[in-house]
Amino acid sequence: MAKKFVKAFAVLFAFSLIAAACGGDSDETAIENEPEVVEEEVTQVEEDREQGDATGEDTRDDMTAVHGGRLVYGVEADTSNPFVPYASSCAISCRMILRSVSDALFITGAGGNIVPHLVETIVPSADFKSWTMAIRDGIKFHDGTPLDGAAVAYNLNTCRMSPLTGPALSQISDVTSDGQSVTISYTFPEALGPAALNSSTQCGFMFSPTWLQTIASNPLLTAEQRATAAGNPTELVGVGAFTFKSYTPGNGNSFIATRNADYWRGENGITGEELPYLDEIEFVVSVDIQGRSNGLKGGQFDIIHTSNADEIKKYEGNEDYVLLQANDYGETSMYMLNAAQGTNPYAGALRGDPELAMDPLGMNSTNPMIHLSCRKAAAHSLDTQRLADERGAGIVKPANGPFPPGSMGYLEDTGYPKFDIAMAQTEMEQCKIDSGQDPVTVGVTIGQDPFSAETADLVVSMMDDAFGEDISVVVTPIEQGQLIGLALAGAYHVMGWRNFGGVDPSELWYWWSAYTASPVNPTVPELALNFGRFVDPEMETAMQGVRFNPDPAVRKASAEAVNRLFGKNVWNLWTTWTLWGLISSPRVMDITTFTTPEGTMTAPVVAGKHSVQQIWCQDGNCQG
């Protein structure tokens, strides 16, 4: 998350009030990779990384972009329930695919300001409870359907009515359209309004309503319409630079899209630009980072992404590859704790059940992490500096909350328990009393990759060193797509996780709100975006200050209050703030340098995600 949140709102607010508004040769490549230049770049990125300001900007010398080439991108995971936004468990790899075939209503500017993309202008009401957007005229979906106000409203309503994404949009009371205009009404004032529907969120991307009406899972369809719907949810029909060609699920398989000659930002589009440059882009799933890295070195991939700092470190100073590092707008790595217990009057009010039970079947009752003493014991037992050094190659920083350095809400001391074996043992004695367990038994679910397993081994060894026979930890590896499903359903005790990347803390409210904390009940089934399922009145109050108050000072103080609540209640076991690396062949150019049609530079990387329309390859050949 960026350091410029206050400026972000100020710029957006000003904007809303105004309402306006051939490839390089080998010699050039050699110059870019001179050892002295590489050394300077490494030094600069080290400084930026320390401050939380590593943006991932591609700063190589400008060269003339050329068309042509097929780019193969190695990504970290496949997607569960691909790919329609209202139904997809859409992590980083999925968001990269969405960026290739469609565009979002808004996009993040380089300064942290949210700027319009498919939207042309945006105006709030005086009370900030409704926002009206004008959609750029003349844009068409890949199937010829026009992008107008009705199309945008239809997209938003599919997300609003979805059991998966609906809770994140529950504050929207109505969406209406008229021609190219869309008005979104809110139950409460919204400081950012629909700008939260940017390219960091899956529901910000637009897809053809004509196509969506053929998808059986569409929540807007009647039972009769659903019975005859025969569309394929993986064959995305967006407005983006590339059009769907094929999708094969699973590890080692791929999503392929080809150049859209009628892209709205292309020669035949409304802006007359030359985007995109590539003829084809393929995203190939390679779960294991070593396999992904070896694929890059062996020529299988032209570019890969990773949040594995150990692997990123290996490429530093290596002039045979381009390495871009980003922790700006970053995520936090953690072990997420399932705190489901008691009642939830907030979600219950929406359902007419003020005594809504969070664990009606008692499935989470044996999880010791529902007890604060157990959570504090675990936190005190973890040496996060050692984790940063041994599992993060010393290039990531230990985390003490959801907001990394440079973010609104960041605090040097959040009150989160520090590494202290004596305190850990004291809390463990209380944990045994509170949980009624001796030894205390904890299940830890992690991703199905060697690095996650090795990290979990180190964490377990720290707990063993602190607690000995007082604790028993069982680690279970799961494929990432299934991991997300278990988090949504609350079917876990402790889970290795990475989340909370974003441009503004108001975007994160649904991860922490009691309104999005559904019960653990597989018989329904229940899906929660508040994966930890904690219910806390103080958090509701603090997030209201972040979301509803346009005063930058109030928003900053509220975000800091959020951070202190995480420190006090230990709803997660923080490990490190995430560093993303984009690693490519030197032939791959302009990896993260993307501008709006008006020439505004966008944020290079947001929590591992970046634009792909602008990427090109030297001589129109990505492989050489």
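Sequential numbering from 1 along the given sequence is applied to the chain's residues. Note that these values count all heavy atoms, side chains included, but never hydrogens, waters or copies made by symmetry.
In the model, N294 has no side-chain atom that pairs as donor or acceptor with a side-chain atom of Q290 under 3.5 Å. Under 3.5 Å, the side chains of S452 and D449 contain a donor-acceptor pair of N or O atoms. Side chains of T592 and E57: no donor on one and acceptor on the other come within 3.5 Å. In the model, R498 has no side-chain atom that pairs as donor or acceptor with a side-chain atom of S333 under 3.5 Å. A donor-acceptor contact closer than 3.5 angstrom links the side chains of D434 and S373. Judged by distance alone, the side chains of W509 and Q544 never bring a donor and an acceptor atom under 3.5 Å apart.
Considering only heavy atoms from C-beta on, L387 stays 4.5 Å or farther from P398 through its side chain. Two residues are said to be in side-chain contact when any heavy atoms from C-beta on lie closer than 4.5 Å; L488 and L164 meet this criterion. By the 4.5 Å heavy-atom criterion applied to side chains, F419 and T384 are not counted as neighbours. The shortest side-chain heavy-atom distance between V475 and V460 falls under the 4.5 Å cut-off. Residues P505 and F500 are not in side-chain contact: their nearest non-hydrogen atoms beyond the backbone lie 4.5 Å or more apart. With contacts defined as side-chain heavy-atom distances shorter than 4.5 Å, the pair R391/V396 does not qualify. The side-chain heavy atoms of S513 and M543, taken from C-beta on, include no pair separated by under 4.5 Å. Between H305 and R292 the shortest side-chain heavy-atom distance falls below 4.5 Å.
Pairing each heavy atom of E526 with each of R533, the nearest pair is O-NH2, 4.1 Å. Nearest approach of P402 to W577, heavy atoms of both residues: C-NE1, 4.4 Å. Nearest approach of G291 to S286, heavy atoms of both residues: C-OG, 3.6 Å. Of all non-hydrogen atoms in M358 and S518, the two that sit nearest each other are CE-O, 3.4 Å. Nearest heavy atoms, F83 versus L98: O-CD2, 3.9 Å. Here the closest non-hydrogen pair linking A54 and V45 is CB-CG2, 4.4 Å.
A distance-only check finds a donor-acceptor pair linking the side chain of E507 to the backbone of D504 [under 3.5 Å]. In this structure, the side chain of D359 engages the main chain of M363 through a donor-acceptor pair within 3.5 Å. The closest donor-acceptor contact from the side chain of T414 to the backbone of L411 lies at 3.5 Å or more, if one exists at all. Side chain of D457 to main chain of S461: no donor-acceptor pair is present (N/O by atom type, distance under 3.5 Å, no hydrogens or angles).
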Test E76 against S93 for side chain to side chain donor-acceptor pair (under 3.5 Å), laying out the working first.
CA-CA 6 Å; E76 64 175 0; S93 301; 4.6 Å; no

From CA spacing to verdict: side chain to side chain donor-acceptor pair (under 3.5 Å), Y510, S170:
CA-CA 9 Å; Y510 50 82; S170 60; over 6 Å; no

Step by step, would you call T576 with K397 a side chain to side chain contact (heavy atoms under 4.5 Å, CB included)?
CA-CA 6 Å; T576 59; K397 299 184 70 172; over 6 Å; no

Applying ring pair (Phe, Tyr, Trp, His ring centres under 6.0 Å), run through Y73 and H610 and close with a yes or a no.
CA-CA 12 Å; Y73 200 134; H610 64 97; 5.7 Å; yes

Audit row: R386, M462, side chain to side chain contact (heavy atoms under 4.5 Å, CB included) steps and yes/no:
CA-CA 10 Å; R386 183 182 171 193; M462 291 179 183; 3.6 Å; yes

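To the nearest 0.5 Å, atom OG of residue S506 and atom CD1 of residue I114 are 8.5 Å apart. In this structure, NZ on K568 lies 6.5 Å from CG on D536, to the nearest 0.5 angstrom. Taking CG from N563 and CG from D413, the interatomic distance works out to 10.0 Å, rounded to the nearest 0.5 Å. The CG atom of L324 sits 15.0 Å away from atom OH of Y321, with the distance rounded to the nearest 0.5 Å. With values rounded to the nearest 0.5 angstrom, Q448 atom CD is found 11.0 Å from T476 atom OG1. Atom CG of N400 and atom CH2 of W574 lie 9.0 Å apart (nearest 0.5 Å).
Ring planes of F403 and W512: perpendicular class, angle over 60° (limits at 30 and 60°).
One finds no salt bridge joining K609 and E331 here, because no Lys/Arg side-chain nitrogen approaches an Asp/Glu carboxylate oxygen to under 4.0 Å.
Partner M334 forms a side chain to side chain contact (heavy atoms under 4.5 Å, CB included) with one of T578, L573, N572 and no other, that one being N572. When the options N367, I370, V442, V494 are evaluated for a side chain to side chain contact (heavy atoms under 4.5 Å, CB included) with L337, the one that passes is V494. For the ring-ring contact (aromatic ring centres under 6.0 Å, His included) with W497, the qualifying choice from F531, Y335, W511 is F531, the only one to do so.
Judged by the 6.0 Å distance and 45° axis criteria, R547 is not positioned over the aromatic ring of F188.
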